[in-house]
Amino acid sequence: MADSGRTLPVTNGMRVSEPLELHEIQGYFEPMSLFDKYVSATFRRGSLTIIDHKGVIKHFGKATPGFPDVTVRFADSRVPRDIALAPDVGAGEAYMDGRLVVEQGDILDLISLIRLNNPWEQGGNMGNPNIWRDALRKAKGRVDRINWARKSKRNVAHHYDLSDRLYDLFLDADRQYSCAYFTDPHNSLEQAQADKKAHIAAKLALKPGQRVLDIGCGWGGMAMYLNRVADVDVLGITLSEEQLKVARARAETAGVSDRVKFELIDYRDVTGHFDRIVSVGMFEHVGPRHYEAFFRKCRDLLTDDGVMLLHTIGRMGTPGVTDAWTAKYIFPGGYSPSLSEIVAASETTRLIHSDVETLRLHYGLTLRQWYKRVVDKRAEIEALYDAKFYRMWQFYLAGSTVAFEGGSLCNYQIQYSRRRDTLPITRDYMAVEEERLRGLG
């Protein structure tokens, strides 16, 4: 097949106009050449060694204190092409398929090396600056984030209706699948998750007998905790059938199912009024198009002196787009909002932003512990699913860790109230109550 009407550049600077065969045309755009340019521009500190499918060894960067030294091997010639053309998907898929093999270090070291060379604070961008592809990706991202009710349930099931055993292998005993709170970076995961619950409960300013709505209740840990430490009644709602089964069983076993109830229901369909609303790790699945509706619904559900605590993954800086690999394999429809997006949506409902906290480092510490547990339990995870699933889950946690340690992601905790005089005039009450709750264990 020939392209007889075009001239193409050649390596010696000459131009040709005669017909060229397809394989000749492709030769002008050698994938490894594109990849080498991408890697050379990315890795300046730390050492990366690449062994291609023919055994050719190339070195990039230079050994630097505090930066990993990583060696990877490409099992076929498609790997550099896939990464060069679509870095945000190509590397992840190649690793999942076993075509990109990390021979020195591990996948967390590789991704960390990339981000250490491109920290967010210094304007780092791990993507390939292709304006047309970025425009298409953003357009697709906006479509994917339209989470109407039926699609929301399907998206939730994609991630949360996996085997219970999988989550038991890397989460704490209470199955807190969200950012922990480290009063000391060296604390255990169990201690940090317990401190997270106390931190949130203190901000809710709970009183005995109050009615609490937990939007996105997971496996029920937060709802049961609030009932235990504050003597409140809790309704937890979820769109995950597997989480619902576990949460109800836990409440029954604990003998609190009369006061801690769980329902399979979309937040848009909840009725009644609640003194307090808590939502941890659910807002990421709402979608920007529905933010205002979410906050309007929450305001309608709150009593006149109601208080709400929203805990969500967020994005420092301006709004962005969920990376394509995560959207495809891990959280379809998921999106981490910027603070401006949250505030712009909630302020239209006349909810008062009574307190805002940015957790900058806590999720990175949390993910490091999850990642280690997953690596330690590799054989069990592969027995549950297969080696490809294990590598997918490992890549997901590695990428997430780096995104929080050096990328744009963080966590926001935003407290809302309907009335300005509902809560104490200073924040001291939070620290006092948090200390009391920690003492309860």
Side-chain angles (χ1 to χ4, degrees), residues 160 167-168 170-208 210-238 243 246-248 250-251 253-254 256 259-262 274-284 307-314 355-359 361-367 369-370 373 410-416 423 427 429-441:
Y160 296 101
Y167 293 103
D168 284 337
F170 73 97
L171 298 180
D172 63 301
D174 196 37
R175 284 199 189 175
Q176 290 294 306
Y177 193 26
S178 59
C179 176
Y181 186 73
F182 287 82
T183 59
D184 184 325
H186 299 101
N187 280 352
S188 68
L189 179 63
E190 281 69 24
Q191 181 64 56
Q193 290 292 12
D195 288 342
K196 185 267 298 292
K197 287 177 285 189
H199 194 61
I200 289 174
K203 293 183 178 185
L204 285 168
L206 297 162
K207 298 176 182 177
Q210 287 183 329
R211 192 170 183 227
V212 180
L213 174 65
D214 182 355
I215 302 178
C217 62
W219 292 278
M222 179 64 74
M224 294 181 64
Y225 173 82
L226 297 179
N227 166 260
R228 178 171 65 86
V229 302
D231 190 26
V232 293
D233 296 316
V234 187
L235 171 63
I237 62 171
T238 179
Q243 288 185 334
V246 173
R248 283 179 169 174
R250 292 180 68 184
T253 300
V256 296
R259 300 193 66 190
V260 183
K261 302 179 184 296
F262 298 99
F274 300 85
D275 302 289
R276 300 291 186 265
I277 294 177
V278 63
S279 184
V280 180
M282 176 271 176
F283 192 69
E284 301 91 324
V307 175
M308 173 180 173
L309 193 284
L310 179 71
H311 172 114
T312 180
I313 295 173
D355 190 79
V356 180
E357 182 178 11
T358 304
L359 304 180
L361 300 173
H362 297 267
Y363 218 160
L365 294 168
T366 306
L367 283 155
Q369 297 209 30
W370 288 350
R373 293 183 180 198
C410 64
N411 278 84
Y412 293 120
Q413 286 190 354
I414 306 177
Q415 181 196 64
Y416 292 97
L423 294 162
R427 301 178 79 255
Y429 71 95
M430 295 183 191
V432 172
E433 177 65 0
E434 190 169 341
E435 188 66 26
R436 182 189 76 83
L437 292 172
R438 286 183 188 157
L440 297 177

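We number each residue from 1, following the sequence as shown. All figures in this text were calculated on a predicted structure; none of them were measured in a lab.
- Leu206 contributes atom CG, which lies 11.0 Å from atom CG of Asn227 (distance to the nearest 0.5 angstrom).
- Here the shortest heavy-atom pairing between Leu437 and Ala201 reads CD1-CB, 3.6 Å.
- For the pair Val256 and Met224, the tightest heavy-atom approach, listed with the atom from each and the gap, is CG2-CE, 4.3 Å.
- Remark: Asp195 CG to Arg438 CZ distance equals 4.5 Å, nearest 0.5 Å.
- Looking at Arg259 and Asp233, a side-chain N of the basic residue comes within less than 4.0 Å of a carboxylate O on the acidic one, giving a salt bridge.
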### Task
Apply the test side-chain contact (heavy atoms from CB on, under 4.5 Å) to residues Tyr225 and Leu440: give CA-CA distance (whole Å), side-chain angles for both, the deciding distance (0.1 Å), then the verdict.
CA-CA 11 Å; Tyr225 173 82; Leu440 297 177; over 6 Å; no

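- At a threshold of 4.5 Å between non-hydrogen side-chain atoms, the residues Leu204 and Leu226 count as touching.
- Considering Ile277, Thr238, Val278 in turn, Ile277 is the only one that fulfils the side-chain contact (heavy atoms from CB on, under 4.5 Å) rule with Ile215.
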### Message
Assess the residue pair Asn411 and Glu357 against the criterion (side-chain contact (heavy atoms from CB on, under 4.5 Å)); give the C-alpha distance rounded to whole Å, side-chain angles, the decisive distance to 0.1 Å, and a yes or no.
### Response
CA-CA 8 Å; Asn411 278 84; Glu357 182 178 11; over 6 Å; no

### Candidate pair Phe262 and Trp219, rule side-chain contact (heavy atoms from CB on, under 4.5 Å), full reasoning
CA-CA 10 Å; Phe262 298 99; Trp219 292 278; over 6 Å; no

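- Inter-residue side-chain proximity for Tyr416 and Val307 is flagged as unmet; no heavy-atom pair is nearer than 4.5 Å.
- Judged by distance alone, the side chain of Arg276 and the main-chain N or O of Ala205 form a donor-acceptor pair under 3.5 Å.
- Residues Leu359 and Tyr363 have side chains not in contact (no heavy-atom distance under 4.5 Å, counting atoms from C-beta outward).
- Lys197 and Gln176 are not linked by any side-chain donor-acceptor pair at a separation below 3.5 angstrom, with hydrogens and angles left out of the test.
- Atom CG of residue Asp275 and atom CG of residue Leu213 lie 11.0 Å apart, to the nearest 0.5 angstrom.
- No salt bridge links Arg427 with Glu434; every basic N to acidic carboxylate O contact stays at or beyond 4.0 Å.
- For the atom pair His362 NE2 and Gln413 CD, the distance stands at 9.0 Å (nearest 0.5 Å).
- Counting heavy atoms from C-beta on, the side chains of Val246 and Arg250 come closer than 4.5 Å.
- Side-chain N or O atoms of Gln415 include one that pairs as donor or acceptor with a backbone N or O of Lys203 at under 3.5 Å.
- Taking 4.5 Å as the limit, every side-chain heavy atom of Arg373 sits out of range of all side-chain heavy atoms of Leu171.
- To the nearest 0.5 Å, atoms OG1 (Thr312) and CE (Met282) are separated by 9.5 Å.
- A donor-acceptor pair shorter than 3.5 Å can be found between the side chains of Ser178 and Lys196.
- Taking 4.5 Å as the limit, some side-chain heavy atom of Leu189 sits within range of a side-chain heavy atom of Trp370.
- Between the side chain of Gln191 and the main chain of Ser188, no donor-acceptor pair closer than 3.5 Å is present.
- Residues Val212 and Met222 have side chains not in contact (no heavy-atom distance under 4.5 Å, counting atoms from C-beta outward).
- Residues Tyr181 and His311 fail the side-chain proximity criterion, which asks for heavy atoms closer than 4.5 Å.
- The closest donor-acceptor contact from the side chain of Asp214 to the backbone of Leu235 lies at 3.5 Å or more, if one exists at all.
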